[in-house]
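Atoms within each ligand, like the ligands themselves, are counted from 1 in listed order.
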Amino acid sequence: MPYRYAIIGNPVSHSKSPAIHREFAREMGLSISYEHLLSPLDGFNQTVAAFRSAGRLPAAGANVTVPFKINAFNYATELTARALRGGAVNTLKFDGANILGDNTDGVGLYADIERNLAFKIAGARVLVMGAGGAVRGVLGNLWDASPALLAITNRTFIKAEDIAKQFNDAKSSSAGAGDSKEKIRVMALKELPAQQFDLIINATSASLAESLPLVPVASFAPGALAYDMMYGKGQTPFLMLASSAGARTADGLGMLVEQAAESFYVWHGLRPSTMPVLAMLRAQLAKI
Ligand code: NDP
């Protein structure tokens, strides 16, 4: 029997998740329904409850995007370890009264950087800019990949401090005797010019407003990769700055497809091919 899925957000109509999941389902020979679902900012729980109870087909899951990832974390009745680590959920799986909350953003980012872009995070100096829901989802996977340095910075400094503390505290309580990994470092914007990075990830929503997070050109090491989680037709201001500093650039379209593939696996236990869907979306973006 076909099942229903949705991407819940505000705004949400721009989301490519329905197209991605329909393509995955087509490849796998599954029949699914996947829709955009706009939720009022103060009505996330009611929106999910209405989605679950309405419709001819049973609702089996939902993806969750800005600004509801923490609402989804609180809504779930069971959480995976990777969702618990960051305190944010982008994938809900409904099973009777049970609501599983998971987070596939970190796996998606890791797969795109390491596999699709062939960049090795192990031993690299990595800077993450931002301290919102997306950062909560990806920090653990970046840390597990053993960078030489993992730093986080944010316009509102205290939010970066809070996230780093949460991850570092969890790390300390689970560390074995031989675990000598340095903690996630919080850096103020004014400290950045003194440090070079091999990978700089823009996980702020500055690019949505076509503005630039404050990153100095001096922070890009020779041969650095600049990664903007945002995606669109042209380069974001962050990627333009990175290009001018000689860095290699990548947008977040690959992450989007890879995190969707991981959600698909959570729901269906099947791993679809991501490259054809990424190529399809890239071609569509070029036509806009
Ligand atoms: P949140 O709203 O939770 O967080 C936004 C972050 O951006 C905050 O740290 C905020 O700083 C910062 N910020 C916003 N405007 C500016 C600005 N003008 N200059 C500097 N910093 C700014 O968003 P998310 O974390 O959920 O998402 C962040 C981005 O990542 C979005 O663009 C989203 O589309 C993208 N994303 C992409 C994914 C993909 O698959 N490609 C997956 C998930 C997210 P402050 O704390 O100071 O307000």
Query - side-chain contact (heavy atoms from CB on, under 4.5 Å) partners of Q196, counting only residues at least two apart - result: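 Testing Q196 for side-chain contact (heavy atoms from CB on, under 4.5 Å), a comparison that skips the adjacent residues, returns R125, A221, P222.
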Query raised in the report: Can you name the side-chain contact (heavy atoms from CB on, under 4.5 Å) partners of L84, sequence neighbours left out?
Result: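 Counting only residues at least two positions away or on another chain, L84 forms a side-chain contact (heavy atoms from CB on, under 4.5 Å) with F73, L79.
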Query raised in the report: Any protein heavy atom sitting closer than 4.0 Å to atom 4 (O) of ligand 1?
Result: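 It does; a protein heavy atom is within 4.0 Å.
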Report task. Please indicate, with yes or no, if any protein heavy atom is found under 4.0 Å from atom 44 (C) of ligand 1? Result ->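 Answer yes: something from the protein, a heavy atom, is under 4.0 Å.
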Would one find an N or O of [X], backbone or side chain, under 3.5 Å from an N or O of ligand 1?
X: Y231; answer: no
X: T156; answer: yes
X: A134; answer: yes
X: G252; answer: yes
X: V135; answer: no
X: R155; answer: yes

Could you find the nearest protein heavy atom to [atom] and give me its residue, atom name and distance?
atom: atom 19 (N) of ligand 1; value: A206 CB, 3.8 Å
atom: atom 29 (C) of ligand 1; value: T204 O, 3.4 Å
atom: atom 34 (O) of ligand 1; value: L208 CD1, 4.6 Å
atom: atom 14 (C) of ligand 1; value: S205 OG, 3.3 Å
atom: atom 11 (O) of ligand 1; value: N154 OD1, 3.3 Å
atom: atom 30 (O) of ligand 1; value: M229 CB, 3.7 Å
atom: atom 42 (C) of ligand 1; value: M255 CE, 3.6 Å
atom: atom 18 (N) of ligand 1; value: S211 OG, 3.3 Å

Query raised in the report: What are the two closest non-hydrogen atoms of A160 and A131, and how far apart are they?
Result: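 A160 and A131 have their closest heavy atoms at N-CB, 3.8 Å.
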Check ligand 1 against [X] and write out every atom of the ligand that is under 4.0 Å from a heavy-atom position of the residue.
X: G130; result: 9 (O)
X: V66; result: 26 (O)
X: K69; result: 43 (C)

Query raised in the report: Is the Lys NZ or Arg CZ of R4 less than 6.0 Å from the centre of F51's six-membered ring, within 45° of the axis?
Result: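 Yes - R4 lies over the ring of F51, closer than 6.0 Å to its centre and within 45° of its axis.
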Where the side chain of [X] meets the backbone of [Y], is there a donor-acceptor pair that is under 3.5 Å apart?
X: E191; Y: A188; answer: yes
X: E35; Y: I7; answer: no
X: S15; Y: S17; answer: yes

Requested in this report: May I ask you to check whether N63 and N90 show a side-chain donor-acceptor distance below 3.5 Å?
Outcome: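 Judged by distance alone, the side chains do not pair up.
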Report task. Give the ring-plane orientation class for H21 versus F24, where under 30° counts as parallel, over 60° as perpendicular and anything between as tilted. Result ->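 Perpendicular.
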Using a strict cut-off of less than 4.0 Å between a Lys/Arg side-chain nitrogen and an Asp/Glu carboxylate oxygen, indicate whether [X] and [Y] qualify as a salt bridge.
X: R82; Y: E262; value: yes
X: D102; Y: K93; value: no
X: D251; Y: R282; value: yes
X: R136; Y: D162; value: no

Query raised in the report: Cluster question for you: counting only ILVMFWY and a side-chain heavy-atom cut-off of under 4.5 Å, with indirect links fine, are M275 and M28 together?
Result: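 Shared cluster, yes.
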**Report entry** Contact with ligand 1 for A131, non-hydrogen, under 4.0 angstrom
**Finding:**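 Under 4.0 Å: yes for A131.
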Query raised in the report: Is the closest heavy atom of A203 to ligand 1 under 4.0 Å?
Result: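 Contact present.
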Query raised in the report: Can you check whether Y5 and H268 have ring centres sitting under 6.0 Å from each other?
Result: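 Centroid separation for Y5 and H268: below 6.0 Å.
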Requested in this report: Run down the list G9, G132, G106 and name the one with the heavy atom closest to atom 1 (P) of ligand 1.
Outcome: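 When every heavy atom of G9, G132, G106 is considered, G132 comes closest to atom 1 (P) of ligand 1.
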Which bit of [X] is near ligand 1, meaning a heavy atom under 4.0 Å away: side chain, backbone, both or neither?
X: L256; answer: both
X: K159; answer: side chain
X: M129; answer: neither

